[in-house]
Amino acid sequence: MGASSNIKGIRDLRQDFDKKWDALQACKKAGVLFPKQIQEYFGLDGDEDRVLESKECYEDEKLTFNLEGKPGVKVWNAEMEDGFEVDLTKLPKDVTKIRFYTSY
């Protein structure tokens, strides 16, 4: 059984989540493409099927997002060590916490 290291960003949802949620739902109801800002905020990457119906469920899912490969985050290796190096100044401004975890 293998293990993998992961890194997630945790956003403060209180900022303007409600406004962006309303915009997301309006676009979905109208059948129009999501604006880039909405896609990035909710981590949609244009995948409309990922949009959940319940705001509360979406808040739970949206609370964390993958930071691997994002600006300011790179894989770090040394002899018998693996991990991540994070430049905090390059993370999205709404990230208030970083979670490092291992999956088995």
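The first residue of the sequence shown is numbered 1, and numbering continues consecutively from there.
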Legend entry - Sequence-distant partners of Ser4, side chain to side chain donor-acceptor pair (under 3.5 Å), two or more places apart: none
Legend entry - Euclidean distance, Lys29 NZ relative to Asp22 CG, rounded to 0.5 Å: 12.0 Å
Legend entry - Side chain proximity check, Val95 to Phe65, heavy atoms < 4.5 angstrom: yes
Inset, instruction - Compare every heavy atom of Asn66 with every heavy atom of Lys70, then report the nearest pair and how far apart it is. - result: CE-O, 3.5 Å
Inset, instruction - Say whether Leu88 and Val75 are linked into one hydrophobic cluster, either directly or through other cluster members, by side-chain heavy-atom distances under 4.5 angstrom. - result: yes
Inset, instruction - Report yes if some heavy atom in the side chain of Asp87 is under 4.5 Å from a heavy atom in the side chain of Val73; otherwise report no. - result: no
Legend entry - Exercise: identify the closest heavy-atom pair between Arg11 and Glu40: NH2-O, 3.6 Å
Inset, instruction - Would you mind reporting whether Phe100 and Ser5 have side-chain heavy atoms less than 4.5 Å apart? - result: no
Legend entry - Full working for side-chain hydrogen bond (donor to acceptor under 3.5 Å, both in side chains) between Asn6 and Thr102: CA-CA 6 Å; Asn6 304 277; Thr102 304; over 6 Å; no
Legend entry - CD on Gln25 to CD1 on Ile38, rounded to 0.5 Å: 10.5 Å
Side-chain donor-acceptor pairs of residues 76-83 under 3.5 Å, sequence neighbours excluded:
unit_1	atom_1	unit_2	atom_2	d
Asn77	ND2	Asp82	OD1	2.3

Legend entry - Check: Ile10 and Arg99 side chains under 4.5 Å, non-hydrogen atoms: yes
Inset, instruction - Determine whether Ile98 and Lys8 make a side-chain contact, defined as any pair of heavy atoms from C-beta on separated by less than 4.5 Å. - result: no
Inset, instruction - Look only at the side chain of Gln39 and the backbone of Phe34, and say whether a donor-acceptor pair between them is shorter than 3.5 Å. - result: yes
